[in-house]
Amino acid sequence: MTDRQHAPHHRRVVVTGMGALCALGNTVEPIWNAAVSGASGVAPITHFDAEGYETTIAGEVKGFEPDEAVGRKGSRRMDRYT
């Protein structure tokens, strides 16, 4: 093999798309903006009443509709963490 084949700066990568879903947002742009600004997605739990639990904060994903993303049948077969 030649030196060129081993040189990392000569390797090519094709990005065909980007996607993300996390506590900072549901699409790449808001997540990136929040991350570079130093924002945190951790906040008080809203999905259920966390009073009485040891922890009352979490990094919840908000505003995501699984029925729209994977269909009603698919979302019924998955747990929330999926």
* Measure across V28 and M18 and return the closest heavy-atom pair with its distance rounded to 0.1 Å. => CG1-CE, 3.4 Å
* Between A43 and K62, which heavy-atom pair has the shortest distance, and what is it? -> CB-NZ, 4.1 Å
* Straight-line distance of N26 CG to I31 CD1, nearest 0.5 Å -> 7.0 Å
* Structure fact -> Residues passing the side-chain contact (heavy atoms from CB on, under 4.5 Å) test with P66, sequence neighbours excluded, are F64, S75
* Asked: More than 12 foreign heavy atoms under 6.0 Å from CZ of F48: is that the case here?
  -> yes
* Taking every non-hydrogen atom, the tightest pair across I57 and I45 -> C-CG1, 3.8 Å
* Worked verdict on M78 versus V70 for side chain to side chain contact (heavy atoms under 4.5 Å, CB included) -> CA-CA 10 Å; M78 296 178 187; V70 296; 4.3 Å; yes
* Structure fact -> Smallest heavy-atom separation, P30 atom then T27 atom, equals CD-OG1, 2.9 Å
* What are the two closest heavy atoms between A50 and T56, and how far apart are they? -> O-CG2, 3.6 Å
* Distance only, no hydrogens: is a donor on one side chain within 3.5 Å (strictly under) of an acceptor on the other, for E60 and T46? -> yes
* Asked: Quick check: does any side chain N or O of D49 sit under 3.5 Å from a backbone N or O of E51, one acting as donor and the other as acceptor?
  -> yes
* Asked: Would the number of heavy atoms belonging to other residues, nucleotides or ligands and lying under 6.0 Å from CZ of R80 be above 12?
  -> no
* To do: List the steps and the verdict of side chain to side chain contact (heavy atoms under 4.5 Å, CB included) for D79 and Y81.
  => CA-CA 5 Å; D79 289 321; Y81 69 84; 3.3 Å; yes
